[in-house]
Amino acid sequence: MAVFDDIEKFGEAPAVIDAEGRTVSYIGLTELADKLCAHLPPRSIAVLKTSNSVGSIAAYVGCLRRGIVPILLPNGIKPEGLAEICAAYQPNSLFSPADETSSKQETIAGYKCVSLNTAATQIHDNLALLISTSGSTGSKTMVRLSAQNIACNANQIIEYLGIAQSDRVITTMPMSYSYGLSLINTHLLSGAAIVATDEPLMSPKFWSLLKEQKVTTFGGVPFIYEMLKKLRFNKMDLPSLRYLTQAGGKLSTDLSEYFMAACHQKSIDFT
């Protein structure tokens, strides 16, 4: 069974909400996903230059539904880093955000896919995903994950956090980073919604979107929580927020105590 092979069961429930507030349902997302990957051979390798957007999430979902192995990279990867990774893994195709030279025919949800015309690569039967160990832009070292790895990890988190279909998570990290991707996986497999934006945490647009879309879930690494403290999280009015999650390193004692107190005051769970 492929990851995401039955998420259309969530029907017209919102799957992804973009930075402009436009909503794509689960049926709409799977249609985009399947269309993006329909012409690609199953059990091939595809590089995906990711962004926190409908098109990027659709391309990722489409690859896993079709059995294509995506290599997730940040959109800002340098050309020499991309060339090195392509030389090492011999991908068959490349997904990237469309630019002004792209035609409407080759663009789906702001993304396009081009063939790299490489020879077929032998792929292990269980391999479903390749993701950088550090999220760095030029590393050839990748973690190999099976569909079972992805589903089991996501389902354990869903059960532990009690993620429900009514939840909404906002993207705070690149989806090419394992923790950022985990937030996407867990919410898609729960039938919950992803508010997808590349706006930085310090941008007023980020907080306007969070409030407008009634986000319930926020996740981050210690650096994000340092920024959040500077923004005076304890003074923010965020009535929809249900819980915060933290990974990617241990919080300092000061930060931990600050967020424990602030979340207790706001009746927000802090994990």
Side-chain angles (χ1 to χ4, degrees), residues 10 13-26 29 50-54 56-57 135 154 156-175 177-271:
F10 297 118
V16 185
I17 302 163
D18 72 11
E20 304 303 319
R22 295 171 295 210
T23 299
V24 177
S25 70
Y26 273 87
L29 179 64
T50 63
S51 60
N52 288 325
S53 66
V54 171
S56 185
I57 293 171
Q156 288 173 354
I157 294 170
I158 291 166
E159 183 177 358
Y160 178 74
L161 294 177
I163 299 173
Q165 193 170 348
S166 57
D167 278 315
R168 291 187 171 194
V169 67
I170 192 165
T171 55
T172 55
M173 295 163 283
M175 65 178 289
Y177 174 55
S178 57
Y179 187 21
L181 186 65
S182 176
L183 295 175
I184 290 171
N185 289 339
T186 51
H187 285 74
L188 286 179
L189 290 173
S190 301
I194 299 160
V195 180
T197 179
D198 281 319
E199 287 289 341
L201 196 67
M202 304 302 284
S203 166
K205 291 182 180 179
F206 177 92
W207 295 102
S208 294
L209 186 63
L210 183 148
K211 291 177 181 179
E212 288 167 5
Q213 297 303 326
K214 296 180 170 60
V215 166
T216 65
T217 308
F218 182 104
V221 294
F223 175 75
I224 287 175
Y225 281 95
E226 290 173 5
M227 295 299 100
L228 204 54
K229 183 181 179 183
K230 290 180 180 179
L231 289 169
R232 300 179 70 190
F233 173 78
N234 61 329
K235 302 294 185 183
M236 291 182 177
D237 181 25
L238 304 169
S240 65
L241 206 58
R242 186 169 75 84
Y243 64 91
L244 306 181
T245 62
Q246 185 268 321
K250 186 178 180 180
L251 290 183
S252 68
T253 301
D254 286 347
L255 272 181
S256 182
E257 290 176 352
Y258 173 88
F259 282 101
M260 289 291 286
C263 288
H264 177 74
Q265 178 186 352
K266 297 172 181 290
S267 299
I268 295 171
D269 289 336
F270 181 46
T271 303

Is there side-chain contact between [X] and [Y], with heavy atoms separated by less than 4.5 Å?
X      : Y      : result
Ile17  : Arg168 : yes
Lys230 : Met227 : yes
Ile170 : Thr197 : yes
Leu29  : Leu188 : yes

At what distance, to the nearest 0.5 angstrom, does [atom1] of [X] lie from [atom2] of [Y]?
X      : Y      : atom1 : atom2 : value
Ser53  : Met175 : OG    : CE    : 8.0 Å
Asp167 : Leu161 : CG    : CG    : 9.0 Å
Ser208 : Glu199 : OG    : CD    : 9.5 Å
Asn185 : Ile157 : CG    : CD1   : 8.5 Å
Leu241 : Ile268 : CG    : CD1   : 4.5 Å
Leu244 : Leu228 : CG    : CG    : 7.0 Å

On a heavy-atom basis, which atom in [X] and which in [Y] lie closest, and how many Å separate them?
X      : Y      : result
Ser51  : Asp198 : CB-OD2, 3.5 Å
Arg242 : Gly162 : NH2-O, 3.3 Å
Ile224 : Thr172 : CD1-O, 3.6 Å
Leu231 : Leu201 : CD1-O, 3.7 Å
Ala247 : Pro222 : O-CD, 3.4 Å
Phe10  : Leu189 : CZ-O, 3.9 Å

Does any N or O in the side chain of [X] come within less than 3.5 Å of the main-chain N or O of [Y], such that one atom is a donor and the other an acceptor?
X      : Y      : result
Tyr243 : Gly219 : no
Ser190 : Ala192 : no
Asn52  : Met173 : yes
Ser240 : Thr216 : no

Ring pair (Phe, Tyr, Trp, His ring centres under 6.0 Å) with Phe233: which of Tyr225, Trp207, Phe259, Tyr258?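 With Phe233 as partner, ring pair (Phe, Tyr, Trp, His ring centres under 6.0 Å) holds for just one option, Phe259.
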Tell me every residue that passes side chain to side chain donor-acceptor pair (under 3.5 Å) with Asp269, counting only those two or more places apart in sequence or in another chain.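 If we apply the side chain to side chain donor-acceptor pair (under 3.5 Å) test to Asp269, skipping adjacent residues, there are no hits.
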Sequence neighbours left out, what passes side chain to side chain donor-acceptor pair (under 3.5 Å) with Thr245? Give chain and number order.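 Thr245: side chain to side chain donor-acceptor pair (under 3.5 Å) contacts with Tyr179.
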Please work out whether the ring planes of Phe218 and Phe206 are parallel, tilted or perpendicular, with thresholds of 30° and 60°.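 Perpendicular.
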Go through the steps for Gln246 and Leu251 under the test side chain to side chain contact (heavy atoms under 4.5 Å, CB included), then give the verdict. CA-CA 8 Å; Gln246 185 268 321; Leu251 290 183; 3.7 Å; yes
Tell me, with the steps shown, if Thr171 and Ile194 meet side chain to side chain contact (heavy atoms under 4.5 Å, CB included). CA-CA 7 Å; Thr171 55; Ile194 299 160; 4.0 Å; yes
Around atom CE of Met260, are there more than 12 heavy atoms from other residues, nucleotides or ligands closer than 6.0 Å?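 Count not over threshold, so no.
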